[in-house]
Protein chains: 2
Amino acid sequence: MTERKPRKDAVRNRAATLAAADALFAGCRSPEEVTMADIAAAAGVGKGTLFRAFGDRTGLIRALYEARLEPIRKAVEAGPPPLGPATPPLQRVPALLDAVLTFKLDNRHLALALEGTGDDSPYRAEHYERWHALLRDLLARIPGLTGSDFTAHALLAATRADLVEHLAGHKGVPREDLRRQLAGFTATILAAARAPATMD
Amino acid sequence: MTERKPRKDAVRNRAATLAAADALFAGCRSPEEVTMADIAAAAGVGKGTLFRAFGDRTGLIRALYEARLEPIRKAVEAGPPPLGPATPPLQRVPALLDAVLTFKLDNRHLALALEGTGDDSPYRAEHYERWHALLRDLLARIPGLTGSDFTAHALLAATRADLVEHLAGHKGVPREDLRRQLAGFTATILAAARAPATMD
DNA sequence: TTGCAATGCGGACCCGGGGTCCGTATCGTC
DNA sequence: GACGATACGGACCCCGGGTCCGCATTGCAA
């Protein structure tokens, strides 16, 4: 009912804008130095068009981000192990976190831009909710683990875009090292499930 | 040599500005809606004075933040246990993290404002470096724990201002609950030191 | 007390970027 | 080919961070 098929030039412009924005963000040190006018110009489009299509800056970035995230989302929702739903929690949790980390490594600019919008916290984004809920439920199914809700938040916090950027970008930690570190950290927590903590 | 004693009105204005800024940040939902002009007006001071005293917006916020942080810093550097240097790592690490969390709970507005400046990541701030180095060294002294550097980052990430705000502010998690959750999480990691993870 | 640098004050001003508006061009249909 | 609906684009507005410079205060010295 509220479904109006969009005009052809609209879709083309939308695609052009996304491509241009992606390129610009990828080629800049800080997402802040990419202005909306830049993107419009690079896409060969007027600013009005850009704002009509995405609402505002955050909308544009979010659209880019989710487009990139799509394959991973699918792999998680209905893919083969170790990411897919048929995997037991003890293997799936590390796989999920590694997927998130890998994604942020591959899309540093986007993740940074998204978290850096500043209008509201990244925790209100729906994709964060999804990741968190999934992780929490998996953790809850692991016997011996308590505080799955907070633990899920904490694990995801270890993959925050600016932390990844700081370690991989600024400090020069190699990709595989970072993955190993996160895997080790995750394993530490999961291992504790079998030898429950005594808060002495 | 480069030490010039400041004029009296300068110190008074500086103090007035800090007080006004603190009050304004405390009374607003989002730090973004407090403008420099607002602060200047509330302090009964011109914008020029404000920028002369603190350099820029980040400088002001940082000054506020560090002033508030001072007592904790001292307690950590040369205070009694469990925060002081005489405490063995297994007790001091949880104490430190709880202190950080408590501080952020008590100064949500400041912490949010500081992380939200957006000009560069919170990981470049010197106080972050201090916390991280201290935590890392403590963790390194715990036998059986590996990856102390990353673990320190991850633990601190669990106390990020916007996460705290999301849980305590938006989701309404009570203060004591949050502290317990973080304590539990920390304990989980420390406990794993005695029963090392087998990354099967 | 008065003179005189030096230091600080303040608010008018600038600038750059996000977001809007509306006359005009394009699309798609009849 | 014509005409309503839809989208375009860039001039325009607004607002906030940061600057500048003529003027006031301070503090030292005579």
Side-chain angles (χ1 to χ4, degrees), chain A residues 1-21 24-25 28-64 109 112-120, chain B residues 1-21 24-25 28-64 109 112-120:
Chain A
M1 20 203 73
T2 57
E3 282 304 299
R4 277 248 145 64
K5 66 165 74 175
R7 251 166 56 173
K8 242 187 299 182
D9 49 355
V11 248
R12 188 191 41 227
N13 281 330
R14 183 183 170 93
T17 303
L18 283 173
L24 284 186
F25 278 125
C28 277
R29 286 298 160 209
S30 166
E32 313 257 323
E33 63 196 35
V34 177
T35 114
M36 293 287 109
D38 290 342
I39 298 176
V45 150
K47 277 179 64 178
T49 303
L50 192 155
F51 280 97
R52 162 176 299 266
F54 299 100
D56 59 1
R57 183 172 229 264
T58 306
L60 205 203
I61 296 171
R62 187 175 304 168
L64 263 178
H109 35 112
L112 274 179
L114 189 58
E115 289 191 12
T117 47
D119 52 349
D120 51 45
Chain B
M1 21 207 76
T2 59
E3 282 302 303
R4 275 254 145 63
K5 65 167 73 173
R7 254 167 51 173
K8 243 187 298 184
D9 50 353
V11 250
R12 190 190 41 229
N13 281 332
R14 184 184 168 94
T17 303
L18 283 172
L24 284 185
F25 278 126
C28 275
R29 287 299 160 207
S30 166
E32 313 256 323
E33 64 197 33
V34 176
T35 119
M36 291 291 109
D38 290 343
I39 297 176
V45 150
K47 277 178 65 179
T49 303
L50 193 153
F51 280 97
R52 163 176 297 264
F54 299 100
D56 59 1
R57 182 173 229 264
T58 305
L60 208 203
I61 297 172
R62 188 175 303 166
L64 263 177
H109 35 113
L112 275 178
L114 189 59
E115 287 192 12
T117 47
D119 52 347
D120 51 44

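Order of the sequence lines fixes the chain letters, A, B, ..., with proteins taken first and strands second; residue numbering starts at 1 for each chain. Model, not experiment: these values are computed from the prediction.
The CG atom of Leu18(B) sits 5.0 Å away from atom CG of Leu64(B), with the distance rounded to the nearest 0.5 Å. From Arg62(B), atom CZ reaches atom CG of Asp56(B) across 8.0 Å, with rounding to the nearest 0.5 Å.
Across the protein-nucleic acid pair, Leu50(A) atom CG and dC21(C) atom P stand 17 Å apart, rounded to whole Å. Remark: P of dA7(D) and CZ of Arg14(A) are 12 Å apart, rounded to the nearest angstrom. Look at CG on Leu60(A): it is 11 Å from P on dG19(C), rounded to the nearest Å. Atom pair Lys47(B):NZ and dC15(D):P shows a separation of 13 Å (rounding to whole Å applied). Atom-to-atom, CD of Glu32(A) to C1' of dG16(C) comes out at 13 Å; the value is rounded to the nearest Å. Following rounding to the nearest Å, Glu33(B) (CD) and dG16(D) (P) show an atom-to-atom distance of 11 Å. Atom CZ of Phe51(A) and atom C1' of dG19(C) are 5 Å apart (whole Å). One atom, CG of Asp56(B), and another, P of dC15(C), lie 20 Å apart when rounded to the nearest Å.
Close to dG10(C), at under 4.0 Å from its OP1 or OP2, lies a side-chain N or O of Thr49(B). Taking only side-chain nitrogens and oxygens, Asn13(A) never comes nearer than 4.0 Å to OP1 or OP2 of dA7(D).
Of all non-hydrogen atoms in Arg29(A) and Glu33(A), the two that sit nearest each other are N-OE2, 3.5 Å. The shortest heavy-atom contact between Thr35(B) and Asp38(B) is CG2-OD2, 2.9 Å.
Between Arg52(A) and Thr49(A), the closest side-chain pair of non-hydrogen atoms is not below 4.5 Å. Using a 4.5 Å heavy-atom threshold, the side chains of Phe25(A) and Leu112(A) count as separate. Looking at heavy atoms from C-beta onward, Val34(A) lies out of side-chain contact with His109(A) at the 4.5 angstrom threshold.
For the side-chain contact (heavy atoms from CB on, under 4.5 Å) test, residues two or more places apart in sequence or in another chain that qualify with Ala42(B) are Ala20(B), Leu24(B). Taking Ala40(B) as the reference, Lys47(B), Leu50(B) meet the side-chain contact (heavy atoms from CB on, under 4.5 Å) condition, with sequence neighbours excluded.
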Walk along nucleotides 25-30 of chain D from 5' to 3' and tag each nucleotide B, S or - by protein heavy-atom contact under 4.0 Å, base first, then sugar-phosphate. BSS---

Every protein N/O within reach of nucleotides 1-4 of chain D N/O, cut-off under 3.5 Å:
none

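For residues 7-19 of chain A, the pairs satisfying salt bridge (charged side-chain N to carboxylate O under 4.0 Å, His left out) are Arg7(A)-Asp9(A), with sequence neighbours left out.
For residues 35-46 of chain A, proximity to DNA chain C is found at Thr35(A), Met36(A), defined as any non-hydrogen atom under 4.0 angstrom from a strand atom.
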